Amino acid sequence: MKIIAVCGMGIGTSIILKMNIDNALAKLDVDADVEAADISAARGAASSADLVFTSSELADQLGELDTPIIIIDDFTNVGEIEEKLIEELDL
Amino acid sequence: MDWLVSILEFIGAQILNVPAYLVGIIVAVGLIALKKSAGQVVGGALKAILGFLILGAGAGVVVAALEPLGGLVLAVTGSEGVVPTNEVITALAADTYGATSAYILSLGFVLMLALARFTPLRYIFLTGHHMVFMAMLLSVVLSIGFGEGLTWLTVLMGAFLLAVIMVVMPALAHPWMKRVTGNDVIAIGHFGTLGYIAAGATGSVVGKHSPSTEDITFPQGLKFLRDSMVATALSMVLIYLVFAIWGLISLGDEALPFMGAADGGAFIMASVMQGLMFGVGVSVILYGVRTFLGELIPAFQGIANKVVPDAKAALDVPIVFPYGQNAVLIGFISSFVGGLVMLLILGVWLGPAFGLAIILPGMVPHFFTGGGAGVFGNATGGRRGAMAGGFVNGLLITILPAFLYSVMSGIGLTGTTFGDADFGWFGSLVGLSVQGDSVVLGVVLLLVLGVVLLAGGIVWQKRVVDTGWMPAVEHQRFVDERTAAEKEKEVAAAAVRKEERAAKKKAAAEAENTNA
């Protein structure tokens, strides 16, 4: 499975988000490849990914995608990410 | 033993002196320490190496796109015009100073862990690109200051200063950060912090009774600037166009050779193309930064979690954006205005008088640090605070790079410089400390600078942060009262509605009764 984590520049908060998604995946024992992306690249990258993680403001900007978008309110909260992963993946 | 010397020489010159390999090794060590699988270690290290090499590829594109602009600005204004861009100056310096900066980065990180472990400044700075930029800034300024042959001293002093600034800045900003987030979970780890503190302090002065920005319904049309690729290309095209038109007006046909153009139309379109190519170059550099930070930061954080488990993570500035989405836009606009005002002051007075370069506004630093300043200003002073805070930030990130540019251009790095506030003041102070001929004096001054900052930070943490002091108590009370009043109104309104509904129901029931 491939997941992308999106922020404005793709080098700051998205990497924090990527690490926390990695942690959440490890807890859930799911194997996936997580990559950070900026919002420009994200629209293209999303087509080859299975899930997109971002904040609510950036989700509006990403617009309609075929890939499901998961909105995270607190990028540092592994618990929130875990919950939303469980919900999305039906674990 | 000759063969051993040869091998060591080979490793020193051909591997440890090549920044890309060095970064790869650092990442590999980090991943091994985290007990990752062999495949992950090799893959991570290789990606870090490739990411670093991509930096260089992007730097070439950016330099080509910047060259005509530099000539044009000099020709029409008589001063140097600079758009500070962290990624570009880092990529430019990476060839010569990359290896030293990689040593500073890794040793600085270790020292930061030690400071976080053994002093009250328990912050782990995790904003990787800013670590990389600061390490490069220190590497450049100190290498030149100490001269050749003293690389070990550059690395030691650079790592010490990097570690100090990485734990001190989050501590200094923390009272305001607590006001922004409303809790005490994360810290801000970004080298625009002087601007955020200034914005927070300004906010509490101007906006004691100013309502929050978040009550306004604000047009969301400027949000597209959050996309850094758009913001960079757009601002550079605009800057290019301004100077191209200015050039045509003031120089006439003499301006044409700057773009190698045959006529005015070709000249304008060539300048648009150069602006776009600048955006291309920055995107390539960012891709490189992303590729190696994606490997480096998780490795660093994994180590930090083991060494200082209870430390606070100090994170990049967009982490505060959700606490004031309108404030981000207000802060950006007023920061940009502040940048233009300071540009005017530089152009008319400070430039001619002191030979400072003209700092042109880059959208990316104004958006990210101006937006952050807006959020801090809003937290302490509502709408007026967000406006004034952004404005002050704009002044700072224009004047400070002008100082830094005069330090860095003195040592041959021209064309651009570092953009955010802390690079400006810290870089200038470090640069001034090592400007004399005496290495010993330089080291003493740097030690004084580092120790004063560290001691100040510890006192601040103990006396101010740990005692729970919060800025803008009056503003917070005002906001709370307002929210309470709103809530009361809402409750009252809800009660009225309920009564009305009940009355209606009753009336309907009565009507039914009469009908029956």
Side-chain angles (χ1 to χ4, degrees), chain A residues 2-27 29 31-46 49 52-63 65 69-81, chain B residues 43 47 51 86-87 126-130 132 181 183 185-186 189-190 220 223-233 279 282-283 285-302 305 312-323 325 328-329 364 367-368 371:
Chain A
K2 193 177 163 192
I3 297 175
I4 53 176
V6 183
C7 77
M9 291 255 257
I11 53 179
T13 35
S14 58
I15 291 181
I16 301 296
L17 180 58
K18 169 196 144 64
M19 292 189 305
N20 289 327
I21 297 174
D22 277 330
N23 290 342
L25 288 167
K27 274 190 195 164
D29 206 17
D31 191 32
D33 196 19
V34 189
E35 246 174 52
D38 70 323
I39 185 141
S40 304
R43 283 190 63 88
V52 177
F53 275 79
T54 192
S55 64
S56 64
E57 354 145 35
L58 291 178
D60 293 345
Q61 234 174 295
L62 276 172
L65 293 178
I69 301 178
I70 298 181
I71 293 171
I72 299 295
D73 301 317
D74 179 358
F75 280 19
T76 56
N77 185 344
V78 181
E80 182 191 343
I81 297 171
Chain B
K47 269 179 95 172
N86 300 328
E87 294 80 9
L126 280 180
T127 306
H129 54 298
H130 270 209
V132 170
T181 58
N183 58 42
V185 180
I186 45 169
H190 192 263
Q220 301 294 312
K223 264 196 174 170
F224 69 97
L225 289 173
R226 178 95 195 252
D227 186 331
S228 69
M229 198 190 240
V230 174
T232 310
V282 171
S283 303
I285 294 174
L286 275 177
Y287 184 78
V289 171
R290 185 174 312 135
T291 308
F292 85 77
L293 284 184
E295 303 305 320
L296 186 71
I297 296 307
F300 271 15
Q301 199 223 14
N305 272 347
K312 225 164 243 125
L315 303 173
D316 195 5
V317 65
I319 211 81
V320 304
F321 288 3
Y323 298 98
Q325 297 196 21
V328 170
L329 294 177
V364 170
F367 188 81
F368 283 94

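Sequence lines set the chain letters: A, B, ... in the order given, protein chains first and strands last, and positions in each chain run from 1. Bear in mind the structure is a predicted one, so any value in this text is a computation, not a measurement.
- Note: Met9(A) CE to Phe367(B) CZ = 11.0 Å, rounded to the nearest 0.5 Å.
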Validation: residues 312-320 of chain B side-chain donor-acceptor distances under 3.5 Å, sequence neighbours left out:
| unit_1 | atom_1 | unit_2 | atom_2 | d |
| --- | --- | --- | --- | --- |
| Lys312(B) | NZ | Asp184(B) | OD1 | 3.3 |

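- Here the closest non-hydrogen pair linking Leu17(A) and Val6(A) is CD2-N, 4.4 Å.
- Contacts between Ile186(B) and chain A at a heavy-atom distance below 4.5 Å involve the side chain alone, from C-beta outward.
- Among Ala36(A), Ser40(A), Ala41(A), the residue with the largest count of heavy-atom pairs under 4.5 Å with chain B is Ser40(A).
- Enclosure of atom CG in Asp31(A) is not indicated, since only 12 or fewer non-hydrogen atoms of other residues, nucleotides or ligands lie within 6.0 angstrom.
- Every residue two or more places apart in sequence or in another chain that forms a side chain to side chain contact (heavy atoms under 4.5 Å, CB included) with Ala59(A) is listed here: Thr54(A), Ile69(A), Ile71(A).
- Within the 4.5 angstrom heavy-atom criterion, no atom of Ala42(A) approaches chain B.
- Contacts between Glu87(B) and chain A at a heavy-atom distance below 4.5 Å involve the side chain alone, from C-beta outward.
- At a 4.5 Å heavy-atom cutoff, the contact between Thr76(A) and chain B is made by side-chain atoms alone.
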